[in-house]
Amino acid sequence: MTAPSASPTDLGVPAVRPSDETAPMALQMAPRRRGKPPKHFADLTPAERAASVEAMGEKPFRAKQLATHYFQHYTSDPEQMTDLPKATREALATTMFPPLIRATRKLEADGGTTVKTLWHLFDDAKVESVLMRYPHRTTLCVSSQAGCGMACPFCATGQLGLTRNLTTAEILEQVRAAFRSLDAGEIPGGPTRLNNLVFMGMGEPLANPRAVIETVRTLVAPQPEGFGMSARNITVSTVGLVPAMLKLADLGIPVTLALSLHAPDDDLRSELVPINTRWSVDEALDAARHYFEVTGRRVSIEYALIKDMNDHGWRADLLGEKLNARGRGWVHVNPIPLNPTPGSIWTASERAVEDEFVARLRGHGIPTTIRDTRGSDIDGACGQLAAEEDDE
Ligand code: SAH
């Protein structure tokens with residue numbers, strides 16, 4: 001894969017820059033104004049769905065029929081909605097299910113059980129999702145923004161800058177596509193259901209809180225109003241936008257929270273996760289602890305191990321101390337071997353260093369599991385595929 005160098009000016013985002021440049025990218029909290037994608041059935045609450053159907057001169061019960069097709073049969077194709085009169089289903093489907101995402105590339109790994117899809121949105125913005133099937137569960141990694149404004153220098157998406165927020169339906173369409181593919185038996189191992197979802201694709205989910213929260217509501221709503229997923233199997237991963245973390249705690253839907261920490265000290269974290277200049281390590285950890293107190297859900301701390309950067313034994317000790325200072329049993333740590341991005345001088349830590357880091361954390365009594373790095377041979381680090389595409 002070639003290093004991204006061309007400026008994707010057509011997207012109105014900053015030029016892609018290699019991650020080893022010293023000048024940091026600017027943080028971008030809000031997207032530039034762009035046209036909005038058309039409203040879609042999946043953007044609506046059940047009451048709004050019924051009202052929209054009625055506004056088209058149809059009986060409100062048609063909304064439930066449409067919801068059953070969409071959230072239970074995973075289709076928006078009028079041809080398959082044979083319980084509706086032909087003219088009705090054509091009209092309803094055209095209005096309610098405008099095409100929002102279009103798969104333009106699929107990459108497979110692990111014998112077809114890992115599938116990464118590049119999606120083009122209505123305005124040609126690009127996002128990715130990754131479906132990973134394991135023996136006892138199936139996980140989808142979704143994007144919540146096109147690009148990302150958080151500018152983390154080791155992350156491929158961070159180098160793209162923020163293009164725009166995705167709408168609820170643009171996120172849910174990634175999910176529906178995964179359910180459909182699994183249901184149709186397209187992934188080796190026989191038909192199955194999606195049971196895990198992580199907001200670890202492109203974007204900072206808590207910088208797009210409204211759409212992400214509406215997405216979560218629909219993911220957990222029982223079929224046919226939503227996909228009927230379990231909140232505990234949904235993970236929202238954040239750089240540590242403290243006010244949004246506090247709001248998420250009050251949502252009343254106990255999703256799992258992951259905090260991308262990557263360093264226990266402010267000096268280094270401000271370099272690796274620039275938003276740390278606004279909310280420090282201690283503030284982010286306090287918000288994570290608060291999340292546990294309110295929801296009872298154990299928080300995950302994400303820690304990409306970068307050779308000679310953040311993988312020192314003393315940093316493992318400092319992390320262990322900071323976590324234990326906030327209590328026991330509320331947190332676990334997920335070290336992730338760095339997936340190097342094009343143009344970066346950084347690489348993953350040595351295996352022995354990784355083992356030592358894990359052993360030290362466990363020595364402090366912190367449950368620690370190395371994150372599996374599926375799909376690294378298909379540009380697993382999210383954003384790499386879109387970065388490459390922009391370069392072509
Ligand atoms: N913006 C959110 C979610 C997206 S990234 C967040 O930062 O949490 C999901 C996880 O992948 C984050 O922990 C992120 O720091 C990590 N990540 C990004 N680039 C990576 C890379 N090159 N190697 C390993 N992990 C990476």
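As a basis for the values below, the full set of heavy atoms in this structure was taken, side chains included, without hydrogen atoms, waters or symmetry mates. Both counts, for ligands and for their atoms, begin at 1 and track the order of listing.
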Quiz item: Which ligand 1 atoms are under 4.0 Å away from a heavy-atom of Phe199?
Solution: 3 (C)
Practice problem: Below 4.0 angstrom from a heavy atom of Cys155, which ligand 1 atoms are there? Numbered from 1 as shown, please. | Solution: 18 (C), 19 (N)
Self-check item: Location of contacts on Thr238 toward ligand 1, heavy atoms closer than 4.0 Å
Solution: backbone
Quiz prompt | Per atom 2 (C) of ligand 1, closest listed option by heavy atom (Ser237, Ser144, Cys152) | solution = Ser237
Exercise. Output yes when Arg133 and Glu186 qualify as a salt bridge under the 4.0 Å nitrogen-oxygen rule, no when they do not.
Key: no
Practice problem: Tell me yes or no: between the side chains of Ser300 and His332, is some donor less than 3.5 Å from an acceptor? | Solution: yes
Quiz item: For Met202, is the nearest heavy atom under 4.0 Å from an atom of ligand 1?
Solution: no
Quiz item: Glu302 heavy atoms, cut-off 4.0 Å: which ligand 1 atoms fall inside?
Solution: 13 (O)
Practice problem: Answer with yes or no whether the side chains of Ser280 and Glu283 bring together a donor and an acceptor at under 3.5 Å. | Solution: yes
Quiz item: For Gly203, is at least one N or O under 3.5 Å away from an N or O on ligand 1?
Solution: yes
Practice problem: Answer yes or no: does an N/O atom from His262 fall short of 3.5 Å to an N/O atom of ligand 1? | Solution: yes
Quiz prompt | Ring centre gap for Phe97 and His69 strictly below 6.0 Å | solution = no
Self-check item: Sequence neighbours excluded - salt bridge (charged side-chain N to carboxylate O under 4.0 Å, His left out) pairs with any residue from residues 73-95
Solution: Glu79-Lys86, Lys86-Glu90
Exercise. Report yes or no: does a heavy atom of Ala156 sit under 4.0 Å from some atom of ligand 1?
Key: no
Quiz item: Who pairs with Arg360 by side-chain hydrogen bond (donor to acceptor under 3.5 Å, both in side chains), at least two apart in sequence or on another chain?
Solution: Asp317, Glu356
Quiz prompt | Within 45° cone of Phe292 ring axis and under 6.0 Å: Arg297 NZ or CZ | solution = no
Quiz prompt | ligand 1 contact by Gly201, heavy-atom criterion under 4.0 angstrom | solution = yes
Quiz item: For residues Glu302 and Ser237, is any side-chain donor paired with an opposing acceptor at under 3.5 Å?
Solution: no
Quiz item: For ligand 1, is any non-hydrogen atom under 4.0 Å from Phe154's backbone (N, CA, C, O), its side chain (CB onward), both, or neither?
Solution: both
